[in-house]
Each structure stands twice: as C-alpha cells, then as structure tokens.
Amino acid sequence: MLREGVMPNMFTYSSVLRACDGLLSLTQLHCSIIKAGLESDVFVRSALIDIYSKLGELQNALGVFNEMVTGDLVVWNSIIGGFAQNSDGDEALNLYKRMKRAGFPPDQSTLTSVLRACTGLALLELGRQVHVHVIKFDQDLILNNALLDMYCKCGSLKDANFVFTRMLEKDVISWSTMIAGLAQNGFSREALNLFQSMKDYGAKPNYITILGVLFACSHAGLVEDGWHYFQSMKKLFGIDPGREHYGCIIDLLGRAGKLDRAIKLIHEMGFEPDAVTWRALLGACRVHRNVDLAIFAAKQILKLDPEDAGTYILLSNIYANSQRWDEVAEVRRTMKAKGVRKEPGCSWIEVNKKIHAFILGDNSHPQIDEINSHLNQLIHRLMGLGYVPDTNFVLQDLEGEQSEDSLRYHSEKLAIVFGMISMSRGKTIRIRKNIRICGDCHIFAKLLTKMEQRTIVIRDPIRYHHFQDGVCSCGDYW
DNA sequence: GTAGGGTTAG
C-alpha cells in the first residue's frame with residue numbers, strides 16, 4: 001500500500017495495529033500515526049493502548065491514554081483492561097474510579113475488567129458491589145464468567161454456585177472456571193461431580209478443563225482416578241497432555257508419596273521440565289521429608305529461575321540443618337551477588353470496605369497494640385489446648401522468622417486476629433497473602449477455628465485454605 | 001461500506 005503511494009487513514013491504522021508482534025513494529029507504526037496527525041482518533045487511540053498493553057508496555061499505554069484530547073468509553077475500557085490483564089488491579093481500579101468521575105457509565109467490558117481486578121486482589125466485597133451492576137446486563141456470557149471466577153478466587157463458592165446455576169448460557173470457560181475453582185478451594189469431589197455433569201450436558205472439555213480435573217484428583221489424593229484421566233485424555237477428549245498436565249500428575253504422585261514414579265515421569269514426559277515441574281516435586285519432598293531429593297529439585301529450580309528467593313532460603317535451611325555451613329554460605333553469597341531478597345510476608349484483609357495490610361515487622365497499624373495483646377491471649381489459650389509452635393523449618397522457605405517469638409508475628413496471624421476483633425463471629429475471615437503460609441500459621445488457624453467457632457479462608461499465591469472446625473480444606477498438603 | 005475494548009490454567 002505504501003509502495004503504491006496510497007496514504008493510510010485511521011481505518012487502516014486501527015486495523016493494522018492489531019497485527020503488531022513486537023515493540024519495534026509498534027513504535028514504527030506509532031510514529032507514522034503521529035506524522036499523519038491521526039493520534040487523536042479514538043479508534044486509533046484505543047487500538048494503540050490495547051496493543052501496548054498486550055505487549056506489556058503499560059507505561060506507553062498510559063502515555064497514549066493520558067494525552068486526553070479525545071476519549072470515549074472504549075478508550076477507557078482499553079486502558080482499564082490493560083492494567084487488569086497485566087495483574088495491576090490497583091491501577092485498574094483507580095482508573096475505573098476516574099472513569100466514573102469523568103461521567104462515563106461502565107458497560108460489560110468495563111465491568112469484566114473491574115471484576116478481574118477484584119479477582120487478582122481478592123476483593124470480595126468490592127466484587128459484590130460490582131455484581132449489582134452486572135445484573136443490569138442480563139446474561140452476558142463473558143461478564144458472567146468473570147463474575148464466576150471472581151467469586152471462586154475470592155473463596156466464596158456459595159456465591160459462585162449461585163451465579164453458575166443461574167447462567168442460562170454456559171460455555172467451556174464457565175465449566176472450566178467452576179471446576180478449577182472448586183478444586184483450588186479444596187472441594188475436589190464437587191469438582192469431579194461437576195465434570196461429570198459437564199459431560200452429561202454434552203459440553204466438550206478443553207486443555208484447561210482437564211487441568212482442573214487433574215488438579216482436583218491430585219488434591220483429593222485420588223491417584224487412580226487422576227492417572228486414569230491423564231492416561232486416557234487423548235482417547236476420551238482428543239487432548240494431548242501438555243507440560244502442565246504432567247505437572248499435575250507429578251504433584252499427584254508426589255502427594256501420594258510415589259516419588260520414584262514422579263521422577264520417572266519427569267524423565268519420560270518428552271518436555272524439558274520447567275521450574276513449575278520441579279516445584280511440584282519439591283512440594284512432595286517437603287511433605288514426605290526427603291531432604292536429598294529436595295536439594296536436587298531446588299537446584300533444578302534455581303537453574304531455571306535464578307531469582308526465586310524462596311527456593312534459596314529453603315536450600316539454605318536444609319544445609320543449615322545438616323551443619324553444612326560452607327554450602328549455607330555459598331547459597332547466601334549467590335543470593336547477594338544476584339541481589340535476590342525475599343519479600344516480607346504480607347497479608348491483606350478487607351473489613352468494612354477498607355483494606356488493611358499487615359507486613360511482618362511493621363507495627364504501623366493503628367490497632368496494633370490491641371491486636372498483639374489479643375494474639376498473645378489466644379496463643380496462651382491455644383497452648384493450654386495442646387498447641388505447640390511449629391519451629392521445624394528445614395523444608396520451608398522461612399528466613400529470619402524462625403524463632404518461636406517471631407513466628408508469633410507472622411502477617412497472617414495479625415490479619416486473623418484483626419478480623420476476629422473487627423468482625424462478628426458469623427462472618428468468614430478472608431485473607432490474601434503474598435507468600436505461602438507456613439506450617440505454624442496453618443496449625444494456628446486450624447486450632448483457632450475449632451476453639452473460636454470461626455471460619456477462616458486464606459488465599460496464598462498458589463493454594464486456598466478453608467479452615468473450619470479444626471480442619472483445612474487443603475488436607476495439610478501445600 | 002471500511003475500525004477499537006472483556007472470560008478459564010500457570
């Protein structure tokens with residue numbers, strides 16, 4: 001077109017922007033757009049924002065957005081969607097507020113992105129408020145799917161079920177979301193029952209559906225069922241097992257203590273194992289106390305992901321426990337050289353529409369004294385009932401947090417106690433964490449739900465823990 | 001008559 005001397009217009013650019021596969025071609029196009037004086041066209045702007053976001057270039061996307069000469073609903077939706085999809089829920093929600101102040105009423109696309117932001121931040125109460133707006137757009141499939149996922153990932157399966165049963169139209173994403181949601185929250189049986197309903201209904205599972213099914217089997221210790229689905233997924237559903245399916249099966253075998261079979265499978269799977277594969281094996285080592293294999297798995301992880309602070313700490317704890325001080329020093333040197341530092345544990349809890357953050361070692365919460373004194377009383381009472389702080393960290397990634405005294409102030413304990421002080425007994429205490437829950441906080445939460453007749457839900461970066469009446473939905477494996 | 005935004009795993 002350019003060679004033949006035909007001038008592109010806004011129609012051309014908004015179409016061709018979608019085809020950008022790298023920053024270089026996008027930058028060139030963006031320059032031509034500016035030269036042609038077309039950068040203020042709303043179609044071109046939304047296309048630019050969208051493609052910058054899809055390439056992960058949020059600052060560039062925001063740059064285009066902030067040249068607020070012209071704008072419409074789609075331009076707002078592009079930038080909000082961009083942040084929501086790049087796991088920056090906070091910024092997505094800020095922009096959503098700005099959009100409302102600017103007088104644009106949200107539509108289905110806006111609400112879908114806002115729900116995704118709530119999902120990432122585990123903001124159940126805000127998600128519920130968005131749900132009220134969703135009702136205005138009756139039966140939008142994508143929006144309902146986002147709503148479903150929000151409730152699952154915020155740990156409210158009751159609400160998720162409510163939405164799911166009322167959806168007139170369900171696609172493979174609706175079914176997959178619900179199956180994975182049940183499984184992740186520890187309701188494996190229900191997940192597998194739903195998978196059966198899906199097949200009865202005549203819906204065709206895809207790659208992701210099967211992942212949810214295998215995840216459910218592994219978490220419920222259903223080794224035979226899981227192995228069966230894995231073996232026959234190609235024949236039954238026409239889906240070749242991918243690396244992630246192997247990851248679930250390694251988790252399944254490892255959980256059942258079949259570490260030899262898990263290793264054999266890693267060698268046979270026909271994919272290069274990635275960090276996720278080795279982490280599955282490492283998780284099994286932790287539960288089944290296999291130190292030598294854990295060292296091996298940790299080293300493999302660090303080869304593939306040299307920035308993984310948690311794994312360095314775990315490795316160093318293992319060496320320290322066997323008095324291998326040279327190796328402890330070596331791990332520490334490597335971390336220092338690479339500038340790797342473990343981020344401090346942080347827990348968030350939403351109370352009365354406000355989000356409270358608790359960070360290990362940070363005493364800035366206005367009610368911190370009340371929380372600490374309440375926590376000490378609770379620990380004292382729990383010890384009377386047989387609670388012993390779990391200070392065995394050999395196969396965990398705790399750093400400088402190992403003494404009984406500092407365990408006491410782990411962020412999730414503070415958040416739990418704050419929830420108990422500020423919410424009535426019938427309300428579920430819901431917490432999101434940035435790092436995995438430690439063994440001691442896990443026992444603490446279990447015993448507390450028994451002693452105090454409370455329900456606690458903690459979402460860590462990978463798993464969900466529903467504590468009730470002294471037991472956890474994860475079955476003590478995480 | 002031609003064009004832009006949203007959902008599932010990891």
Side-chain angles (χ1 to χ4, degrees), chain A residues 8-20 33 38 41-54 61 64-65 70-85 87 92 95-96 99 104 106-120 130 134 137 140-153 160 163-164 167 169-184 191 198 203 205-216 239 242-248 251 274-277 279-280 305 461-463:
Chain A
N9 64 8
M10 57 275 252
F11 288 88
T12 329
Y13 283 118
S14 47
S15 308
V16 92
L17 276 169
R18 300 181 65 157
C20 283
I33 288 166
L38 293 170
D41 179 83
V42 284
F43 283 81
V44 172
R45 290 186 63 215
S46 58
L48 271 172
I49 292 168
D50 185 52
I51 196 70
Y52 272 123
S53 306
K54 289 207 163 64
V64 175
F65 176 78
T70 50
D72 68 357
L73 182 58
V74 179
V75 174
W76 278 104
N77 287 346
S78 304
I79 192 71
I80 293 172
F83 281 101
Q85 284 159 50
S87 329
L95 285 158
Y96 175 57
M99 171 181 156
F104 289 94
D107 71 355
Q108 292 97 315
S109 170
T110 329
L111 296 178
T112 305
S113 296
V114 171
L115 283 170
R116 182 165 170 154
C118 294
T119 305
V130 176
V134 170
F137 302 100
D140 181 297
L141 179 60
I142 296 178
L143 185 49
N144 274 330
N145 284 343
L147 188 62
L148 197 58
D149 192 42
M150 183 277 291
Y151 280 129
C152 287
K153 296 240 169 61
V163 171
F164 188 73
M167 283 171 68
E169 189 193 357
K170 297 182 182 78
D171 64 0
V172 65
I173 295 181
S174 326
W175 290 99
S176 306
T177 302
M178 197 65 209
I179 290 169
L182 285 164
Q184 285 168 331
M198 175 182 181
N206 68 10
Y207 185 98
I208 293 169
T209 322
I210 307 298
L211 271 181
V213 171
L214 296 181
F215 192 88
I239 299 156
R243 197 204 302 273
E244 289 139 311
H245 297 105
Y246 277 94
C248 281
D251 189 67
D274 65 356
V276 179
T277 315
R279 279 196 196 97
D305 186 2
I462 325 190
R463 278 175 172 72

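Order of the sequence lines fixes the chain letters, A, B, ..., with proteins taken first and strands second; residue numbering starts at 1 for each chain.
Counting any heavy atom pair closer than 4.0 Å across all strands shown, A/Thr112 reaches a base atom. A/Asp107 comes within contact range of at least one nucleobase, with a heavy-atom separation under 4.0 Å. Heavy atoms of A/Val75 sit under 4.0 angstrom from at least one base atom. As judged by a 4.0 angstrom heavy-atom cut-off over every strand, A/Val74 is placed among the base-contacting residues. Residue contacts shown for A/Lys153 are limited to sugar-phosphate atoms, with no base heavy atom under 4.0 Å away. As judged by a 4.0 angstrom heavy-atom cut-off over every strand, A/Arg18 is placed among residues touching the sugar-phosphate backbone only. Heavy atoms of A/Asn144 sit nowhere under 4.0 angstrom from any nucleic acid atom.
Closest approach to the A/Arg116 side chain among B/dT7, B/dA9, B/dG4 is made by B/dT7 (side chain taken as heavy atoms from C-beta onward). Taking every side-chain heavy atom of A/Met10 into account, B/dA3 is the closest of B/dA3, B/dT8, B/dA9. For A/Ile173, whose side chain is taken as the heavy atoms from C-beta onward, the closest listed nucleotide among B/dA3, B/dT7, B/dG6 is B/dT7. Of the listed nucleotides (B/dG6, B/dA9, B/dT8), B/dG6 has the atom at the smallest distance from the side chain of A/Leu143. Closest approach to the A/Lys54 side chain among B/dA3, B/dG6, B/dT8 is made by B/dG6 (side chain taken as heavy atoms from C-beta onward). Relative to the side chain of A/Leu211, the nucleotides B/dA9, B/dT7, B/dA3 differ in distance, and B/dA9 lies closest. Checking B/dA9, B/dA3, B/dG6 against every side-chain atom of A/Tyr207, the shortest atom distance belongs to B/dA9. Listed nucleotides B/dG4, B/dA9, B/dG6 differ in distance to A/Ile142; the shortest reach to its side chain belongs to B/dG6. With distances taken from any side-chain atom of A/Ser109 to the nucleotides B/dA9, B/dT8, B/dG6, the minimum falls on B/dG6.
Considering only side-chain N and O atoms, A/Gln184 lies under 4.0 angstrom from the phosphate OP1 or OP2 of B/dG10.
A donor N or O paired with an acceptor N or O is found under 3.5 Å between the base of B/dG4 and the side-chain atoms of A/Ser46. With hydrogens and angles ignored, a donor-acceptor pair under 3.5 angstrom links the side chain of A/Asp140 to the base of B/dG6. With hydrogens and angles ignored, a donor-acceptor pair under 3.5 angstrom links the side chain of A/Asp72 to the base of B/dG4.
For the atom pair CG of A/Asp171 and OG1 of A/Thr177, the computed distance is 8.0 Å after rounding to the nearest 0.5 Å. Note: A/Ser46 OG to A/Leu73 CG = 10.5 Å, rounded to the nearest 0.5 Å. The line from CG of A/Leu143 to OG of A/Ser113 is 10.0 Å long, rounded to the nearest 0.5 Å. Expressed to the nearest 0.5 Å, how far OG1 of A/Thr277 lies from CD of A/Glu244 amounts to 9.0 Å. The CD atom of A/Glu169 lies 9.0 Å from the CG atom of A/Asp140; values are rounded to the nearest 0.5 Å.
Summarising the geometry, the separation between CZ on A/Arg243 and P on B/dA9 is reported as 19 Å, rounded to the nearest angstrom. Spacing between atom CG of A/Asp149 and atom P of B/dG6 amounts to 16 Å, rounded to whole angstrom units. Across the protein-nucleic acid pair, A/Tyr96 atom OH and B/dG6 atom P stand 17 Å apart, rounded to whole Å. A/Arg463 places its CZ atom 10 Å from the P atom of B/dG10, with the value rounded to the nearest Å. As rounded to whole Å, 16 Å separates atom P of B/dA3 from atom CD1 of A/Ile33. Rounding to whole angstrom units, OH of residue A/Tyr13 and C1' of B/dA3 are separated by 14 Å. What separates CD1 of A/Ile49 from P of B/dA3 is a distance of 20 Å, to the nearest Å. For A/Leu38 and B/dT2, the CG to C1' distance is 15 Å, given to the nearest whole Å.
Nearest heavy-atom pair across A/Phe137 and A/Pro106 is CZ-O, 3.6 Å.
You'll find the ring centres of A/Trp76 and A/Phe65 inside the 6.0 Å limit.
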